[in-house]
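Read through the structure below, which is laid out as structure tokens, and then see the notes.
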Amino acid sequence: GSDETGAPVAGKKGWFHTWQNTALTFIVASLNRGYQTIATYFPDGFPISVYVSDCWAAQLKVVALLHQICIAHLLRELANFEEALSCTWSIQMKQVLLDAIEIKKQLTESQYQNSPAEVLKIHARLDELLQADSTAYHKKVQTFIKRLTKNQKAILTFLHHPKVPPDSNGSERAIRNIKVKVKVSGQYRSLRGAERFAII
């Protein structure tokens, strides 16, 4: 999993990037949020791993065996559409994702090898919603649908790999101390200081 968070560094906009799994966490400080920082530390990407992240373009650009986009982020956006726009499509898509998470909790190790009927039905429901005519919806919803359609293969990856979570919560937890430090100190006084804090 990977994530990034902003933090003032020497009066400039700085960023902390993390890459983590259940065993290891790696954090770096940078003045660049984009793909340049990722490529500096992982130029070959993660060719034998499933890469879990949000929908930030730099993260989706990373070479990986497969991608999983954070379902929690998608659910928050859908909830906003539902509340602000009363969008019925958002309600339906939110239910598909929630049902998928529930199925994940019930899958046994052997079921990941041969997708059970419930998983196939979830894929079918997702396909149907993404193929719906979106022209009647608000422009923000249309943009959201286009983004999901473009990254459709990365939405339900977690239903096919037992160790892949449906969200990037692990990565967010990995960099939580960065935000705590900023709340206490206001900023990092130098890039070198930020790099040392990342190492610690």
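Looking at heavy atoms from C-beta onward, L107 lies in side-chain contact with V119 at the 4.5 angstrom threshold. At a threshold of 4.5 Å between non-hydrogen side-chain atoms, the residues I38 and W19 count as touching. E82 is not listed as a side-chain neighbour of M93, based on a closest heavy-atom distance of 4.5 Å or more. With a 4.5 Å cut-off on side-chain heavy atoms, C55 and H73 do not count as touching. In this structure, Y188 and F16 have side chains that are in contact, with non-hydrogen atoms separated by less than 4.5 Å. The shortest side-chain heavy-atom distance between V141 and W89 falls under the 4.5 Å cut-off. In this structure the side chain of I199 never reaches within 4.5 angstrom of the side chain of V28, judged on heavy atoms. You'll find the side chain of E4 reaches within 4.5 Å of the side chain of W56, heavy atoms only.
Applying the 6.0 Å contact sphere to NZ of K13 captures more than 12 heavy atoms from other residues, nucleotides or ligands. For R189, the CZ atom counts as loosely surrounded, since its 6.0 Å shell holds 12 or fewer non-hydrogen atoms of other residues, nucleotides or ligands. Under a cut-off of 6.0 angstrom, the local environment of CD in Q152 is crowded, with over 12 non-hydrogen atoms contributed by other residues, nucleotides or ligands.
A distance-only check finds a donor-acceptor pair linking the side chain of S190 to the backbone of G193 [under 3.5 Å]. In this structure, the side chain of T157 engages the main chain of K153 through a donor-acceptor pair within 3.5 Å. A side-chain donor-acceptor contact under 3.5 Å links Q111 to the backbone of T108. In this structure, H138 contributes its side chain and K140 its backbone to a donor-acceptor pair below 3.5 Å.
Residues L130 and I71 share a single hydrophobic cluster, defined by chaining ILVMFWY side chains whose heavy atoms lie under 4.5 Å apart. Under the 4.5 Å side-chain heavy-atom criterion for grouping Ile, Leu, Val, Met, Phe, Trp and Tyr, Y35 is not connected to V52 through any hydrophobic cluster. Hydrophobic clustering keeps L191 apart from F26 (ILVMFWY residues linked when any side-chain heavy atoms are closer than 4.5 Å, directly or through intermediates). F46 and L60 fall into different hydrophobic clusters, where Ile, Leu, Val, Met, Phe, Trp and Tyr side chains are chained together by heavy-atom contacts under 4.5 Å. A continuous path of Ile, Leu, Val, Met, Phe, Trp and Tyr side chains, each step under 4.5 Å between heavy atoms, connects L98 with V164, placing both in one hydrophobic cluster.
Taking CD1 from I155 and OG1 from T149, the interatomic distance works out to 7.5 Å, rounded to the nearest 0.5 Å. Put simply, CZ on F197 and NZ on K181 are 6.0 Å apart, with the number rounded to the nearest 0.5 Å. Put simply, CG on N169 and CZ on R176 are 8.5 Å apart, with the number rounded to the nearest 0.5 Å. Between the CD1 atom in I145 and the OG1 atom in T135 there is a gap of 9.5 Å [rounded to 0.5 Å]. Between the CG atom of D3 and the CD1 atom of I175 there is a distance of 4.0 Å, given to the nearest 0.5 Å. Rounding to the nearest 0.5 Å places NZ of K179 at 11.0 Å from CD of E172.
Side-chain atoms of D99 and Q95 include a donor-acceptor pair closer than 3.5 Å. Q68 and D167 share no side-chain donor-acceptor pair at under 3.5 Å. Residues N32 and S30 have side chains that never bring a donor and an acceptor to within less than 3.5 angstrom of each other. With no hydrogens or angles considered, no side-chain donor-acceptor pair links Q142 and S134 at under 3.5 Å. In this model, no donor atom of one side chain and acceptor atom of the other lie less than 3.5 Å apart for E118 and Q106.
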#### Entry: Evaluation steps, side chain to side chain contact (heavy atoms under 4.5 Å, CB included), between Q187 and V9
CA-CA 6 Å; Q187 70 163 345; V9 176; over 6 Å; no

### Query
Would Y137 and F81 satisfy ring-ring contact (aromatic ring centres under 6.0 Å, His included), going step by step from the backbone distance to the final call?
CA-CA 10 Å; Y137 304 125; F81 294 149; over 10 Å; no

### Task
In sequence, state the C-alpha distance, the side-chain angles, and the governing distance for K104 and L159, and then conclude on side chain to side chain contact (heavy atoms under 4.5 Å, CB included).
CA-CA 6 Å; K104 171 77 171 181; L159 290 179; 4.0 Å; yes

### Task
Determine, stepwise, if the pair L97 / L78 fulfils side chain to side chain contact (heavy atoms under 4.5 Å, CB included).
CA-CA 10 Å; L97 298 180; L78 290 167; 3.8 Å; yes

### Task
Starting from the C-alpha separation in whole Å, work towards a yes-or-no answer on side chain to side chain contact (heavy atoms under 4.5 Å, CB included) for W15 and H17.
CA-CA 6 Å; W15 298 91; H17 296 249; 3.9 Å; yes

### Query
Can you list the steps and then say if R125 with E128 is a salt bridge (Lys or Arg N to Asp or Glu O under 4.0 Å)?
CA-CA 5 Å; R125 287 167 62 190; E128 185 178 353; over 6 Å; no

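Considering every non-hydrogen atom in both P47 and L65, the closest pair reads O-CB, 3.5 Å. Here the closest non-hydrogen pair linking A64 and S49 is CB-O, 3.7 Å. Across all non-hydrogen atoms, the minimal contact from A58 to G34 is CB-C, 3.8 Å. Annotation for V182 and A7: closest pair CG2-CB, 3.7 Å, computed over non-hydrogen atoms.
Relative orientation of the H160 and H123 rings is tilted, given thresholds of 30° and 60° on the angle between their planes.
Residues satisfying the ring pair (Phe, Tyr, Trp, His ring centres under 6.0 Å) test with F158, not counting sequence neighbours, are none.
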